[in-house]
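Counting starts at 1 for both ligands and their atoms, in listed order.
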Amino acid sequence: MKYDITSLKLASEGKKRIEWATQDMPVLEEIKKRFEKTKPLKGLKVSGCLHVTCETANLVRTLKAGGADVLLCASNPLSTQDDVAAALAKNYGIKVFARFGEDRTIYYKHLNTAIKHKPEVTMDDGADLLSLLHSKYKEQTFKIKGSMEETTTGVIRLKAMEKAGKLMLPIIAVNDAKTKNLFDNRYGTGQSTLDGIIRATDILIAGKNIVVVGYGWCGRGFASRARGMGANVIVTEVDPIKAVEAAMDGFRVMTMSQASSIGDLFCTLTGDIHVLRKEHFKKMKDGAMVCNSGHFDVEIDIPALKKLSKKTRKNVRNFVDEYTLPGDKRIYLLGEGRLINLAAAEGHPASVMDLSFATQALATEYVVKNYKKLQNKVYYVPEKIENWIATAKLKSMKVSIDKLTPEQEKYLASWEIGT
Ligand SMILES: NC(=O)c1ccc[n+]([C@@H]2O[C@H](COP(=O)([O-])OP(=O)(O)OC[C@H]3O[C@@H](n4cnc5c(N)ncnc54)[C@H](O)[C@@H]3O)[C@@H](O)[C@H]2O)c1
């Protein structure tokens with residue numbers, strides 16, 4: 001079987017949306033054109049476990065242009081765009097196994113299919129594919145040249161495997177590249193999380209008390225965009241440095257225990273577990289909304305919310321579930337606690353994914369060229385690749401920057417000249 005998708009009939013809509021995204025991905029297009037000519041990935045079997053969006057479609061088209069035989073499955077049950085999956089299968093000859101709303105059994109069936117493709121290179125967004133490879137397909141893991149990881153949570157899991165001596169292949173931490181997290185996590189998550197919240201609820205952001213849980217790259221982006229739309233933003237953190245930064249950026253910083261009775265809307269962006277839990281739900285106001293934009297659906301303790309709720313959950317709107325607590329207090333959970341920007345909206349805009357996926361494409365080429373020299377470690381993306389991508393993006397934006405003069409180069413490399 002070459003695909004398992006919701007409906008091939010959606011292909012023409014998906015194709016239009018993929019083409020629309022292409023216009024905003026000039027760096028990836030430049031790479032695609034070079035790949036078409038030089039075929040650096042000729043015959044390479046690639047399995048990608050990524051959010052199946054228009055932008056991902058353009059990444060896999062680039063890999064295919066380079067000669068790769070690509071299979072794509074979803075990295076989240078609620079992030080697949082069914083029309084994109086259909087277009088990939090019908091118009092672009094990609095093996096695609098992803099359905100929006102697939103249950104856990106189908107999700108893992110698709111991951112197993114991705115492994116049976118016998119990939120020589122894999123791509124993950126959250127490390128589910130690699131985790132499955134390491135637990136059930138050890139023999140095959142040894143044959144993989146390398147793997148790319150797209151998100152913070154995945155890199156954390158893989159570094160934990162490396163530390164425990166369990167990692168069986170080289171990893172390129174695409175998430176940790178500046179060309180990824182400075183833009184995708186900050187501007188992409190910042191904008192698309194608000195987009196997801198608005199599409200799910202249609203609330204007015206202005207005047208709301210919005211509690212941002214976690215002030216990392218994603219939290220910073222979301223907090224500043226929510227403020228831009230007129231929200232009163234409160235930040236909670238566990239890292240003292242990030243908390244000082246949030247305070248000096250002008251946000252109110254407090255504990256979740258204090259914030260829980262003030263917030264109108266809570267958004268978790270930590271990569272951590274149960275940052276919103278029973279004691280917080282108990283303090284929340286009637287009508288409070290809770291959502292998550294971190295990778296897994298464990299940031300909000302949903303089982304505890306269910307337990308506290310007198311009645312069973314009531315779906316009041318697409319992506320909005322109402323839980324009624326003692327005293328008839330209502331709490332609204334958005335997008336089942338999964339990444340709200342991908343569940344209820346379309347994920348990051350193409351322009352920012354241009355940088356992330358250019359990094360993925362060049363990291364793949366790098367692995368193919370260098371895998372013999374790589375060990376079973378988590379590696380950063382080489383600086384040369386990052387600089388090439390940033391330069392190409394500037395060129396596409398028609399922005400020029402200065403160059404160091406020979407005098408400046410000499411000065412910056414010296415120590416003799418002082419006061
Ligand atoms: N929604 C998306 O499309 C998208 C995009 C990129 C990354 N992500 C995911 O978002 C999450 C955050 O990513 P990031 O790059 O911002 O990570 P990060 O490491 O830069 O930031 C996470 C922050 O959360 C803080 N934190 C941890 N536990 C906390 C707690 N109990 N209370 C308050 N703060 C806490 C940490 O101190 C840190 O500052 C990860 O799961 C990542 O995979 C999602």
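For the atom pair OH of Y108 and CG of L129, the computed distance is 10.0 Å after rounding to the nearest 0.5 Å. Note: I5 CD1 to R99 CZ = 8.0 Å, rounded to the nearest 0.5 Å.
Only the side chain of D272 comes within contact range of ligand 1, with a heavy atom under 4.0 Å; no backbone atom does. Contacts between V238 and ligand 1 below 4.0 angstrom, taking non-hydrogen atoms only, involve backbone and side chain alike. The backbone and the side chain of T152 each have at least one atom closer than 4.0 Å to an atom of ligand 1 (non-hydrogen atoms only). Contacts between H295 and ligand 1, counted as non-hydrogen atom pairs separated by less than 4.0 Å, involve both the backbone and the side chain.
Protein heavy atom nearest atom 38 (C) of ligand 1, with residue, atom name and distance: E237 OE2, 3.4 Å. Distance from atom 4 (C) of ligand 1 to its nearest protein heavy atom, with residue and atom name: T189 OG1, 3.7 Å. If you check which protein heavy atom lies closest to atom 18 (P) of ligand 1, you get G216 CA, 3.9 Å. Counting only heavy atoms of the protein, atom 31 (N) of ligand 1 lies nearest to V275 CG1, 3.2 Å. Counting protein heavy atoms only, atom 2 (C) of ligand 1 is closest to N341 ND2, 3.4 Å. The single protein non-hydrogen atom nearest to atom 43 (O) of ligand 1 is T151 OG1, 2.6 Å, given as residue, atom name and distance. Given atom 22 (C) of ligand 1, the protein heavy atom at minimum distance is T270 O, 3.6 Å. The protein non-hydrogen atom at the shortest distance from atom 12 (C) of ligand 1 is L269 O, 3.5 Å.
At under 3.5 Å, not a single nitrogen or oxygen of V213, backbone or side chain, sits near a nitrogen or oxygen of ligand 1. Of the polar atoms of W217, at least one N or O is found under 3.5 Å from an N or O of ligand 1, judged by distance alone.
Applying the ring pair (Phe, Tyr, Trp, His ring centres under 6.0 Å) test to every pair with at least one member in residues 186-220, sequence neighbours left out, gives these pairs: Y215-F251.
Residue M256 places every heavy atom at 4.0 Å or more from ligand 1. Not a single heavy atom of N181 sits closer than 4.0 Å to an atom of ligand 1.
Side-chain polar atoms of T179 and T359 form a donor-acceptor pair below 3.5 angstrom. The closest side-chain donor-acceptor pair between N175 and N181, if any, does not fall under 3.5 angstrom. No hydrogens or angles considered: nothing links the side chains of H134 and T141 as a donor-acceptor pair under 3.5 Å.
The main-chain N or O of G126 is never found under 3.5 Å from a side-chain atom of E150 such that the two would form a donor-acceptor pair. Between the side chain of Q258 and the main chain of T255, a donor-acceptor pair closer than 3.5 Å is present. With N370 contributing its side chain and Y366 its backbone, the two residues share a donor-acceptor pair below 3.5 Å.
Within 6.0 Å of CZ on R199 lie more than 12 heavy atoms contributed by other residues, nucleotides or ligands.
Selection from G219, S293, A127 by nearest heavy atom to atom 44 (C) of ligand 1 gives S293.
Ring pair H51/H295 is tilted by interplanar angle, where 30° to 60° counts as tilted.
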